[in-house]
Q: 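Here you go, one structure.
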Amino acid sequence: MIDLHLHTSRCCHASGTMEEYVEEARRKGLKIIGFADHFPLGLLGYEPRVQVTMEPRELVRYIEEVRRLNGENGDLTIRIGIEVDYIPGLEDKTRDLLSFYPFDYVIGSLHFMEGWDFTHPKYAEDYRNKNLGELYEQFFDLTAQLCRSKLFDIIGHIDVIKKFGFRPESDLEPFWRRIAKLLKENNLCTEINTAGKDAPVGEFYPDRRFLEICREEEVPVTIGSDAHAPEQVGRYLPEAIEALKKAGYGEVALFELRERSFIPL
Ligand code: ZN
Ligand code: FE
Ligand code: FE
Ligand code: ZN
């Protein structure tokens, strides 16, 4: 099986060496993995309050290290991915920068809303001061912009706004339907991101019903553990495969030099 969402210690909030991630992938019987560490926000000129991405000078070394590992581990295919923040207004700059590097795939993610790192445990208390209905609406509006930006191959942790368990009472299905249609229209793939299971919310991204809606709208899907430590590589993979099959998926997406292909589940 596969896991296309692995981080490295370069982003300053992950542990272990890249060799240890590879070793864990082998131990869990994975055949294809991809690193997708956080693209340096410094290159985009965006300065968050807490450092959450690699330094600009690390990017080329990161790519070289993934390449080296792929060459040295003949039994595994190791792809070069990257997780990039979608920052409204910086689309052209992001596109120009991404075109310089030989990425196999680009995951587009939201971690910031108006400068607030809403996925960071340090700022989780801020949810208490929000109108959750409005917050979710804002989040899905931003997600819609991300979809239309055409910058990415995969949308990362698509409903990560639920991470700390704050959810509005209202029915979220209309939002999910709208986003799934936009994913399809813009040829984007989603991921079942198993990290949510270890977050306070305690479930995968996306929600079970959201995943079904993605299937109904024929949105392709891939698998990512969002590992920030070696032992997290391939976490909950059997459950993720089960969830995908239940939602009606029979295959998962892979990427090479930004070309998509599929392997059966
Ligand atoms: Zn991270
Ligand atoms: Fe992320
Ligand atoms: Fe990630
Ligand atoms: Zn992530």
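Heavy atoms only: backbone and side chains are in, while hydrogens, waters and symmetry mates are out. In what follows, residues are counted from 1 in the order of the sequence shown. Both ligands and their constituent atoms are indexed starting at 1 by order of listing.
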Q: Can you tell me the angle formed at the Fe ion (ligand 3) by NE2 of His5 and NE2 of His7, to 10°?
A: 100°
Q: Suppose we only count N/O/S atoms under 2.8 Å; would His228 qualify as near the Zn ion (ligand 1)?
A: yes
Q: Could you state whether Phe262 and Val252 fall into the same hydrophobic cluster, counting links through intermediate Ile, Leu, Val, Met, Phe, Trp or Tyr residues with side-chain heavy atoms under 4.5 angstrom apart?
A: no
Q: What N, O or S atom of Glu83 is found closest to the Fe ion (ligand 2)?
A: OE2
Q: Compute whether any side-chain donor of one residue and acceptor of the other, for Asp92 and Thr94, lie under 3.5 angstrom apart.
A: no
Q: Ring centroids only, cut at 6.0 angstrom: are Phe166 and Phe164 within range, meaning strictly under it?
A: no
Q: Please state the angle at the Zn ion (ligand 1) spanned by NE2 of His38 and NE2 of His13: what is it, rounded to 10 degrees?
A: 100°
Q: Below 2.8 Å, any N, O or S contact between Asp226 and the Fe ion (ligand 2)?
A: no
Q: What angle sits at the Fe ion (ligand 2) between NE2 of His111 and NE2 of His157, to 10°?
A: 110°
Q: Atom CZ of residue position Arg208 - does it have more than 12 heavy atoms of other residues, nucleotides or ligands inside 6.0 Å?
A: no
Q: Could you tell me whether Arg67 and Glu72 make a salt bridge, using a distance below 4.0 angstrom between a side-chain N and a carboxylate O?
A: no
Q: How about His38: does one of its N, O or S atoms come closer than 2.8 Å to the Fe ion (ligand 2)?
A: no
Q: Does anything in residues 149-159 pair up under salt bridge (charged side-chain N to carboxylate O under 4.0 Å, His left out), and if so which pairs, sequence neighbours excluded?
A: Asp153-Arg258, Asp159-Lys162
